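Owing to the predicted nature of the structure, the values given are computational and were not obtained by experimental measurement. These numbers come from the heavy atoms of this one structure, side chains and all, not from hydrogens, waters or symmetry mates. Chain naming here is simple, since letters A, B, ... match the order of the sequence lines and numbering starts at 1 in each.
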Protein chains: 2
Amino acid sequence: MPRRTDTRDRMLSTAAELFHTQGYHATGLNQLLSAGAAPKGSLYFHFPGGKEQLAAEALAISGGRLRDALADVLDRANGLGAAVEMMIDFLATTLEDSDFQRGCPLSTVALDAAGSEPIRQACVEGFGSWQALLENALTAEGVAADRAESLAVTTLAAVEGALLLAKTRRDSAPLRAVAAHLRETVERELS
Amino acid sequence: MPRRTDTRDRMLSTAAELFHTQGYHATGLNQLLSAGAAPKGSLYFHFPGGKEQLAAEALAISGGRLRDALADVLDRANGLGAAVEMMIDFLATTLEDSDFQRGCPLSTVALDAAGSEPIRQACVEGFGSWQALLENALTAEGVAADRAESLAVTTLAAVEGALLLAKTRRDSAPLRAVAAHLRETVERELS
DNA sequence: CGCAAACTATGACGACTGGTCTAGTTAGTT
DNA sequence: AACTAACTAGACCAGTCGTCATAGTTTGCG
C-alpha cells in the first residue's frame with residue numbers, strides 16, 4: 001500500500017522537534033501546524049487519537065533515532081568507556097548547538113505528560129531500549145547480568161540528570177563532568 | 001501593614017504542589033485557584049508578575065525545603081555514603097506514596113518552562129543549593145575541591161535521572177539501583 | 001478510456017480554558 | 001466619617017483542542 005503523500009511524516013518530524021524542545025503541554029496544535037506541518041483537519045485524519053497519539057508516535061521515533069545513534073557509537077568506539085564518553089559528547093554538542101534547547105527528546109514530555117498512558121508507555125520503551133543497549137554491551141564484556149543491569153540504569157540516569165542540569169544551567173559542564181566519571185566507573189568495572 | 005489573610009501563602013503552597021506534580025504549562029490558573037487556594041483576582045494582587053512570578057517563588061520554596069531535608073540527613077547520618085542512600089530512600093518513598101506523582105519538585109518545571117528566565121533562575125538556584133551541600137560534605141571529608149565538585153554534580157545528576165526513570169516507569173527500582181551505586185562510589189572516594 | 005470507490009486534504013466552526021487586568025468592595029486607621 | 005491599604009469578582013479575548021461538511025485526488029476495475 002504505497003503512500004501518496006508525506007504529510008503524515010512531516011507532521012511527525014515537526015512534532016518530534018517541538019515536543020523535544022518545549023514539552024507536551026507547552027506545544028500547541030496551532031503552533032505545530034503553522035510550523036508548516038499541515039492544515040488542521042489533516043491531523044485528525046492521520047492521527048485519529050489527536051495530539052496524544054501524535055505525541056506518542058513522535059516520541060517513538062525520537063527514541064528510535066537516539067537508540068540507533070547509541071548503537072552506532074557502541075559499535076565504532078574502542079572500549080565501552082570511550083563509547084559512553086562519545087555519546088555524551090554528542091549529546092552535549094547537540095545541546096549547545098541548539099542554544100540549550102535540545103536536551104533529552106523524551107524526558108521533558110515524560111515528566112509533563114506523565115498522566116497520559118500512551119505517552120508514558122512510549123517513554124518507557126525509549127528509555128528501555130537505550131538501557132538494553134548498554135546492558136548488552138556490559139554483559140558482552142563479561143559483566144554479570146544483575147550487575148550489568150544496575151550499572152546500565154545508573155549510567156542512563158546519570159546522563160539524563162546531566163542533560164537536565166546542563167539545559168537548566170545553559171552550560172554543558174555537568175555533561176562533561178558526568179562523562180569523565182562514567183568512563184572511570186565503567187573502566188574500573190571491566191578491569 | 002498587617003496582613004489580613006494567609007491567601008498569599010496558601011497560593012504558594014498549592015502552586016508548589018501542582019507545579020511539582022504536573023509541571024508549568026499543564027497547570028492552569030483555574031485549577032490552581034479552584035484547588036482552594038484563593039479567588040482569582042487575588043493572584044495579580046499578590047503576584048503582579050502573574051503565573052510566572054508565582055511559579056518562580058513556589059519553586060524557590062520547594063527548592064529550599066528539599067535543601068533543608070538534605071542538610072538534615074547529611075547531619076544525622078553516619079557517613080556520607082549512608083546519607084546519600086537515606087536521601088534517595090526518602091525520595092523513593094515520597095514518589096511511591098504519591099502514586100508516582102511527586103518526583104523532583106524542580107525538574108518538571110525546569111524542563112517545560114525553560115524559556116522563562118525567572119523560572120530557570122529559580123531552578124538553577126535550587127539545584128545549586130543541593131549541589132553545594134554535597135560538595136561541602138565531600139570537602140569536609142578531605143576530598144579535593146575540584147574532585148568534590150565533579151563528584152557532587154554526578155551524584156546530583158544520577159539522582160535526578162533516577163527520579164525521572166522511576167516516575168516514568170512507575171517503579172522505584174531505578175532509585176534503589178542508583179542509591180547502591182552511589183554509596184559504593186562515595187565510599188571508595190573516601191577510603 | 002471512463003467511472004466509481006477509496007483516499008487525502010481543507011479550514012471554518014464551536015465549546016471551552018488560558019492568563020490578564022480593571023473596576024470595585026471590604027476592612028483597618030485616624 | 002474620611003481615608004487608605006488590602007483584597008476580590010468577574011469581564012475579557014486570545015488561544016486551546018477537537019469536529020465536521022465539503023472538496024479534491026488517486027486508484028482499481030469494467
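The side chain of B:T7 places an N or O atom within less than 4.0 Å of a non-bridging phosphate oxygen (OP1 or OP2) of D:dT8. Of the side-chain N and O atoms in B:H25, none sit less than 4.0 angstrom from OP1 or OP2 of D:dT16. At the phosphate of D:dT19, neither OP1 nor OP2 sits under 4.0 Å from any side-chain N or O atom of A:Y44. Contact annotation: B:S42 side-chain N/O to D:dC7 OP1/OP2 distance is not under 4.0 Å.
The nearest whole Å value for the distance from the CZ atom in A:F45 to the P atom in D:dA21 is 17 Å. Atom CD in A:Q31 sits about 12 Å away from atom C1' in D:dG15, given to the nearest Å. Computed from coordinates, the A:L29 CG to C:dT10 C1' distance equals 15 Å when rounded to whole Å. Rounded to whole angstrom, the span from the CZ atom of A:R10 across to the P atom of C:dT8 amounts to 14 Å. Rounded to an integer number of Å, the gap from CG of A:L43 to C1' of D:dT16 is 13 Å. In this structure, A:L32 atom CG and D:dG15 atom C1' are separated by 15 Å, rounded to whole Å.
Side-chain contact between A:Q131 and A:T155 is absent, with no heavy-atom pair separated by less than 4.5 Å. Counting heavy atoms from C-beta outward, B:T108 and B:H20 have side chains that stay 4.5 Å or more apart. In this structure the side chain of B:L190 reaches within 4.5 angstrom of the side chain of B:V186, judged on heavy atoms. Residues A:E160 and A:L156 form a side-chain contact, since some pair of their non-hydrogen atoms from C-beta on lies under 4.5 Å apart.
The pair A:R170-A:D99 counts as a salt bridge, with a side-chain nitrogen and a carboxylate oxygen less than 4.0 angstrom apart. B:E17 and B:R65 are not joined by a salt bridge, as no carboxylate oxygen comes within less than 4.0 angstrom of a charged side-chain nitrogen. A salt bridge is absent between B:D97 and B:R102; no separation between the charged side-chain nitrogens and carboxylate oxygens falls under 4.0 Å. A salt bridge is defined here as a Lys NZ or Arg NE, NH1 or NH2 lying under 4.0 Å from an Asp or Glu carboxylate O, and A:E141 with A:R147 fails to meet this definition.
Of the residues in residues 47-57 of chain B, B:G50, B:K51 come within less than 4.0 Å of DNA chain C through at least one heavy atom, sorted by number.
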For a quick test of your reading: what N or O donor-acceptor pairs under 3.5 Å do the side chains of residues 51-64 of chain B make, sequence neighbours left out?
unit_1: B:K51; atom_1: NZ; unit_2: B:Y24; atom_2: O; d: 3.1
unit_1: B:K51; atom_1: NZ; unit_2: B:T27; atom_2: O; d: 3.0
unit_1: B:E52; atom_1: OE2; unit_2: B:S116; atom_2: OG; d: 2.5
unit_1: B:Q53; atom_1: OE1; unit_2: B:G49; atom_2: N; d: 2.6
unit_1: B:Q53; atom_1: NE2; unit_2: B:E57; atom_2: OE2; d: 3.0
unit_1: B:E57; atom_1: OE1; unit_2: B:R8; atom_2: NH2; d: 2.3
unit_1: B:E57; atom_1: OE2; unit_2: B:R8; atom_2: NH2; d: 3.2
unit_1: B:S62; atom_1: OG; unit_2: B:A58; atom_2: O; d: 3.3

What does the B/S/- profile of nucleotides 12-17 of chain C look like, 5' to 3', with a 4.0 Å heavy-atom cutoff to protein? -----S

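Among the atoms of the strands shown, none is found under 4.0 Å from any heavy atom of B:S34.
Relative to the side chain of B:P39, the nucleotides C:dT20, C:dA9, D:dA9 differ in distance, and D:dA9 lies closest.
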